[in-house]
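Comments concern the structure below.
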There are 4 protein chains.
Amino acid sequence: MSSVWNHNISVQIFGESHGPAIGVVMDNIPAGEYIDIDKLVEFMARRAPKKNKTSTQRRESDMPQILSGFLNNKTTGTPLCAFINNTDTHSQDYQNISRLARPGHADYTGALRYSGFNDVRGGGHFSGRLTAPLCFAGAVAGQILEKRGIYTGAHILEVHGVKDDSIDPISVTRDKIVKMRGNEFPVINEAKGKKMIAEIEKAASFGDSVGGVVECVSINVPAGIGSPMFDGIENSIAQLIFGIPAVKGLEFGVGFNSAKMLGSENNDEFYVNEVGHVVTRTNNHGGILGGITSGMPITIRVAFKPTPSISKPQNTVDLSNMTNSTLEIKGRHDPCVVPRAVPVVEAAVNLAILSHMLDYPNF
Amino acid sequence: MSSVWNHNISVQIFGESHGPAIGVVMDNIPAGEYIDIDKLVEFMARRAPKKNKTSTQRRESDMPQILSGFLNNKTTGTPLCAFINNTDTHSQDYQNISRLARPGHADYTGALRYSGFNDVRGGGHFSGRLTAPLCFAGAVAGQILEKRGIYTGAHILEVHGVKDDSIDPISVTRDKIVKMRGNEFPVINEAKGKKMIAEIEKAASFGDSVGGVVECVSINVPAGIGSPMFDGIENSIAQLIFGIPAVKGLEFGVGFNSAKMLGSENNDEFYVNEVGHVVTRTNNHGGILGGITSGMPITIRVAFKPTPSISKPQNTVDLSNMTNSTLEIKGRHDPCVVPRAVPVVEAAVNLAILSHMLDYPNF
Amino acid sequence: MSSVWNHNISVQIFGESHGPAIGVVMDNIPAGEYIDIDKLVEFMARRAPKKNKTSTQRRESDMPQILSGFLNNKTTGTPLCAFINNTDTHSQDYQNISRLARPGHADYTGALRYSGFNDVRGGGHFSGRLTAPLCFAGAVAGQILEKRGIYTGAHILEVHGVKDDSIDPISVTRDKIVKMRGNEFPVINEAKGKKMIAEIEKAASFGDSVGGVVECVSINVPAGIGSPMFDGIENSIAQLIFGIPAVKGLEFGVGFNSAKMLGSENNDEFYVNEVGHVVTRTNNHGGILGGITSGMPITIRVAFKPTPSISKPQNTVDLSNMTNSTLEIKGRHDPCVVPRAVPVVEAAVNLAILSHMLDYPNF
Amino acid sequence: MSSVWNHNISVQIFGESHGPAIGVVMDNIPAGEYIDIDKLVEFMARRAPKKNKTSTQRRESDMPQILSGFLNNKTTGTPLCAFINNTDTHSQDYQNISRLARPGHADYTGALRYSGFNDVRGGGHFSGRLTAPLCFAGAVAGQILEKRGIYTGAHILEVHGVKDDSIDPISVTRDKIVKMRGNEFPVINEAKGKKMIAEIEKAASFGDSVGGVVECVSINVPAGIGSPMFDGIENSIAQLIFGIPAVKGLEFGVGFNSAKMLGSENNDEFYVNEVGHVVTRTNNHGGILGGITSGMPITIRVAFKPTPSISKPQNTVDLSNMTNSTLEIKGRHDPCVVPRAVPVVEAAVNLAILSHMLDYPNF
């Protein structure tokens, strides 16, 4: 199924960028979970366009309306449906897009996949706007997890080569996560954040865009959650993360750096800590061994390519007559998707963890 | 489900390293596909331990026996089951492992997940040996795809910092793929391969191990295969790849490098080539846009951590009494899993592509 | 998942009887299918309350609003979401229901399943009203199938012991199906229909209700569609049909009567007909052998229990204090769900057939 | 997938009647469950051909061999694979079958579905013999359930019109279930059983066969298990039951008889019993309301058609040249599948209940 994710819980995303609405249905969410709508809206606001020059000037009202599965501020256990109206849709900005395949976009592949019948305005169902309902779902999952002490937070690790400090995968705490998430421009080191903003604005000034990396951590996930092979925490996170537009890479723990290490460096030694828990001295494994949680913080990094919609002229193909042509993209686009992608990555991780937590006997 | 992958086709892996047998059931494989068993065994032999010092000295006979779904050298369309007997199992080598959690292994997490009832000898169901039935399945898928002109091949891109040449994602051909796969030590640049072997042997001589990266390419996959969001080619490849033990990272196209690029650098311009096909001038996107194939070669890179089983003494926890202890791992282990992982990565990619190809009208 | 059905296509139902809206998301529907909205609304109107005494007096506006997946009157191939607002909700009629478990209803079992957090007004997510979005989905599927010549129609076979004529499983034609579906009270034999109406009105006059049977046929489904074991046409139809409230039984072909037959009576002999097709002389098998279509009409019968909501006083348990009590159900209820269930059965069958047809090479 | 059933647990059946072996892989079975192999073999022996004239004379050794997932007589939690060798295969008996489509069999539909590549000897993957691995899986599930006090048992309710006494859906006890299952010819009323045997032998003497009905009950399933719509206990049981060859109908509780009842007759009044449990005075609902268990016994009835393989000459089509022809089936066939189907129905019900029980907090 294109836009359903099923794993203990089900998340069905629907909608197109310039259709009447976008939304999500979540199924098999536990009953009786209190959801703070203000906090949920706050979570989604982190994905909304920023009021500065680092993001699109499209003004989206991302206020979700809940149609079902929610009563007296609690989940009912039956399917929870929410939708978000599309209001600020300047379809005329996209008029020449339907003919000219935007490089780096799914215009060409989508036209083949759907025989030309899909809604191409603003990217249609391929639009980054579809991450709004994913954030709704992830925010619900996150609130359910936080009541069990499980906190997930992400930050911008890199933008166009400028690097933030990394999350410490051993000492990270709930307070550090909450603080990191609270930043308008979510980085750990503010000075690095300013350099990143400068990179983004510089690229924007040339009609160009930049890529980056989001780093995410989850703490207090109990040890023993997940499964080997195709149904581990990594598989679930991966399936969700690669559902986010513009993602090109994913790593757990030290990730690709492990390729440069010796076993004696990479192996995380176990020991019994002062409160009698089995923990590891280092956390190169990123909290997952054999697809199953070790109880250590779960750490991932996600690579995002530069926004493909740039205003610089580009060569491409006119799909209406299959001839070479040139494209100048108008409209309002993020010069860098990474700042807005931070809560989206958290959302994906929340959903993966919640779905596996439902197997946990003490949930 | 822990060890089932379902997506148009179903692949159910079973078995433990030191049980009677390991195997696989494939379901929904098209009927009437001729499978050359010699070629299949040859594919699986690429995963078998090497006769040199880069791999374990365990002698495995990976000859698969087919129980069902195969008649007159053709698939019947009904479930195809194959198993491989475990013969060379020195269980005594693993005696102290059941108590002492091997760092970097799933001993601890597996014990929690299965309440201590799982078979821990040789890693049990978590063993790398379980990639043999995955290779069987991938070899079947690969033969079905090759008859449609779709070729997949991988090589060792990196071992402990030593890098092979990269696959050219534009000019790669069937002949280059076949040649690359045919090497005893599968690299493109033989000189680099020798340096890698030296790295592996050096680590082995100290009782240590090294990690690395496998790079894989698939050519001639038709454009328009896959779906957006959670059911794209990337999601399927990711779910399978993270089912391979020791994998810590996965990237498509330029992957994490895209984080350092401008949009104008990263975007792959479309043009109509001399035979009237829409192609891209560069292939940073790795053959997939919006979860759907573009017709360009599909390129991925997979990071493998160093083999966690090293003979150097390591601190760990004795799970039988939850006290700190020290472990010296005996037995025969690969000082580097990467050379043997090459066909396993191909197998995973073959399965993902075949499953999506079944939606293709002209399959 | 409680309310998702996944099988090549995905159907996710959401909503509660007295919440803001009910609806459905369909995923993996083929792109470019023209849907006649007038015909769709007409289909759904067959499920709406009748203007006579055989059904509830609740006035529902079942006009669906489409949020996504539909453009220029054609499916786009991306998720198709439609919802129906709940307007005529007299919640006060249901006030004492939340405490007193209605016999034959899911009040008690639902309270356990959802720990008392589910919306119980009007049956909540268990309400028969949730068959409206199922009808929407089935109407979409039906229009896609009818363009391929596949027609499905049902009628009331039995109400409280009064039997209509049966569909002839050999000679049934498209015209007969269309005529049967067109009846205000969908029976083949109008005289029998009048007797049924009398039965329903009689039961209603005593504050009681009656059960019945719906018979359904599908013609022109190509031979060779489906699979053995757990993924046959029967399994899919069964999974959907038992998703309809009040269904207690399902049979294919001669069904339970086959238990009284000899093999020589029950076996349907094959022959090559005048146009060279392999057909059977009788159709006791109901168009399915080994889970796979034979090309003969597919015939099923579905048993519905009497509406459990009756106005007669009933003994039951007060769930608020777990004591025995007495209940008098107020409100507007169908004295017989069978007439309104006719298109619902068709909808379920349409969805099952469409999902299997997507595997058909010539679809 | 044709022969995989996935629902919390996964059951993958493989094999053909005359191939090397048939078998099953079960995944997600809880770890640490003791399985008594003697009892398991005893269960499977109930499906084996009888030593009297009511069944085929084929001598099958149904002794399962376990390949994985089982250690020290306990489940390990990882995939449990078992296979059964095919030994007594008289392929020559089936030689003319490959050309002549047996009426009532899947020879014709299977040939279309698998383009003629499926193994047709003895029915291949469509053979009733494939219910042996289903019984293995059901026996494992049954032992796990019985340790929680949940007992399932079935009997022959009807053979060719001769009816056994029905199970009392209120007073049925564990002892009655065990006794019923223990009978060589599993009926409640022995005198009726003798009449049934006479019916079967009479049909056999004419080279004919007869159909029948199996009735099954499960007790002590906790209330509150299951879900509404497409994921209820009924949907799961239905999907599995229609995976058994020759099944033509399924009903729950009073089933089709509810169509003849008034609501006031059919509704089961709730009351609080002497030990403080909510129960119903009657059990027309068969233990399931809204897809969720009520705590009352779960009762189903399953209709089986007469064995299609009869030795009487039959008209049919020669698929090799698509001409009308005549067939005389040789070989050894059950004149009635119902006696051997009794444990198969229990197996299917056990699997459905176990899969839903895994959601139960106190499992």
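Chain letters run A, B, ... following the sequence lines, proteins first and then strands; every chain starts at 1.
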Item to check | Residue, of A:I292, A:I300, A:I225, that accumulates the most heavy atom pairs under 4.5 Å with chain B | outcome: A:I292
Next on the checklist: Applying side-chain contact (heavy atoms from CB on, under 4.5 Å) to B:H105 and A:L289, what does each step give before you reach the verdict?
Outcome noted: CA-CA 6 Å; B:H105 266 283; A:L289 287 167; over 6 Å; no
Next on the checklist: Taking every non-hydrogen pair under 4.5 Å, which of A:L112, A:V278, A:V213 racks up the most with chain B?
Outcome noted: A:V278
Checklist entry - Minimum heavy-atom separation for B:S2 to A:S227, with atom names? => result CB-CB, 3.8 Å
Next on the checklist: Quick check for you: among B:G207, B:S115, B:S236, B:S264, which has the greatest number of heavy-atom pairs under 4.5 Å with chain A?
Outcome noted: B:S264
Checklist entry - Among B:G161, B:A246, B:G212, who wins on heavy-atom pairs under 4.5 Å with chain A? => result B:G212
Item to check | Choice from A:G110, A:G290, A:S209 maximising heavy atom contacts with chain B below 4.5 Å | outcome: A:S209
Next on the checklist: Shorter than 4.5 Å, heavy atoms on both sides: which option in B:G295, B:A238, B:G255 has the most such pairs with chain A?
Outcome noted: B:G255
Item to check | Under 4.5 Å from any heavy atom of chain A - which part of B:L250 | outcome: both
Checklist entry - Considering only heavy atoms, which portion of B:F126 lies under 4.5 Å from any heavy atom of chain A: side chain, backbone, both, or neither? => result side chain
Item to check | Which atoms of B:N257 approach chain A - backbone, side chain, both or neither, heavy atom under 4.5 Å | outcome: neither
Next on the checklist: Less than 4.5 Å to any heavy atom of chain A: does that hold for the side chain of B:E158, its backbone, both, or neither?
Outcome noted: side chain
Item to check | Interface residue of largest heavy-atom contact number with chain B, from A:G249, A:P103, A:G104, under 4.5 Å | outcome: A:P103
Checklist entry - What part of B:I310 is in contact with chain A, defined as an atom under 4.5 angstrom from a non-hydrogen atom: side chain, backbone, both or neither? => result side chain
Checklist entry - Do A:F270 and B:Q314 have side-chain heavy atoms sitting under 4.5 Å apart? => result no
Checklist outcome for this item: If you tally heavy-atom pairs under 4.5 Å between each of A:Y114, A:Y360, A:Y271, A:F252 and chain B, the highest tally belongs to A:F252
Item to check | Region of B:T307 in contact with chain A, defined by heavy-atom distances below 4.5 Å | outcome: backbone
Checklist entry - Tell me, side chain or backbone of A:I13 under 4.5 Å from chain B's heavy atoms, or both, or neither? => result side chain
Checklist entry - Out of curiosity, A:H277 NE2 to B:M322 CE, how far, rounded to the nearest 0.5 Å? => result 10.5 Å
Checklist entry - Checking heavy atoms, do the side chain of B:T293, its backbone, both or neither come under 4.5 Å from chain A? => result backbone
Checklist outcome for this item: With chain A, the option among B:P222, B:G263, B:A111, B:A106 that has the most non-hydrogen atom pairs under 4.5 Å is B:G263
Item to check | Interface moiety of A:F206 toward chain B, non-hydrogen atoms closer than 4.5 Å | outcome: neither
Checklist entry - Do you know which of A:N267, A:I244, A:V317 has the most heavy-atom pairs with chain B at a distance under 4.5 angstrom? => result A:N267
Checklist entry - Which region of B:N315, side chain (C-beta onward) or backbone (N, CA, C, O), has a non-hydrogen atom less than 4.5 Å from a non-hydrogen atom of chain A, or is it both or neither? => result both
Checklist outcome for this item: When the 4.5 angstrom heavy-atom criterion is applied to B:R281 and chain A, the contacting part is neither
Next on the checklist: For A:F230 together with B:F242, are the ring centres under 6.0 Å from each other?
Outcome noted: no
Checklist entry - What pair of heavy atoms forms the shortest contact from A:F256 to B:E251, and how long is it? => result CZ-CG, 3.5 Å
Item to check | B:T323, part contacting chain A, at a heavy-atom distance under 4.5 Å | outcome: backbone
Next on the checklist: Quick check: closest heavy atoms across A:S258 and B:P306, and the distance to 0.1 Å?
Outcome noted: O-CD, 3.4 Å
Item to check | Heavy-atom pair of closest approach, residues A:H285 and B:K248 | outcome: O-NZ, 2.8 Å
Item to check | B:F304 versus chain A, the contacting section by heavy-atom distance below 4.5 Å | outcome: backbone
Checklist outcome for this item: If one checks every heavy atom of B:I288 against chain A at 4.5 Å, the contacting part turns out to be backbone
Item to check | Residue, of B:G226, B:S309, B:G291, that accumulates the most heavy atom pairs under 4.5 Å with chain A | outcome: B:G226
Item to check | Best-contacting candidate, B:E265, B:E234, B:M261, B:H125, against chain A by heavy atom pairs under 4.5 angstrom | outcome: B:M261
Next on the checklist: Is A:P245 close to chain B through its backbone or its side chain, or both, or neither, when contacts mean heavy atoms under 4.5 Å?
Outcome noted: neither
Next on the checklist: Less than 4.5 Å to any heavy atom of chain A: does that hold for the side chain of B:V159, its backbone, both, or neither?
Outcome noted: backbone
Next on the checklist: How long is the straight-line distance from CD of A:E199 back to CG of B:L262, given to the nearest 0.5 Å?
Outcome noted: 8.5 Å
Checklist entry - At a heavy-atom separation under 4.5 Å, does B:K312 approach chain A through its side chain, its backbone, both, or neither? => result side chain
Checklist entry - Do A:Q239 and B:N235 have side-chain N/O donor and acceptor atoms under 3.5 Å apart? => result no
Checklist entry - If you measure from CE on B:M229 to CG on A:L240, what distance do you get to the nearest 0.5 Å? => result 11.0 Å
Item to check | Interface moiety of A:D208 toward chain B, non-hydrogen atoms closer than 4.5 Å | outcome: side chain
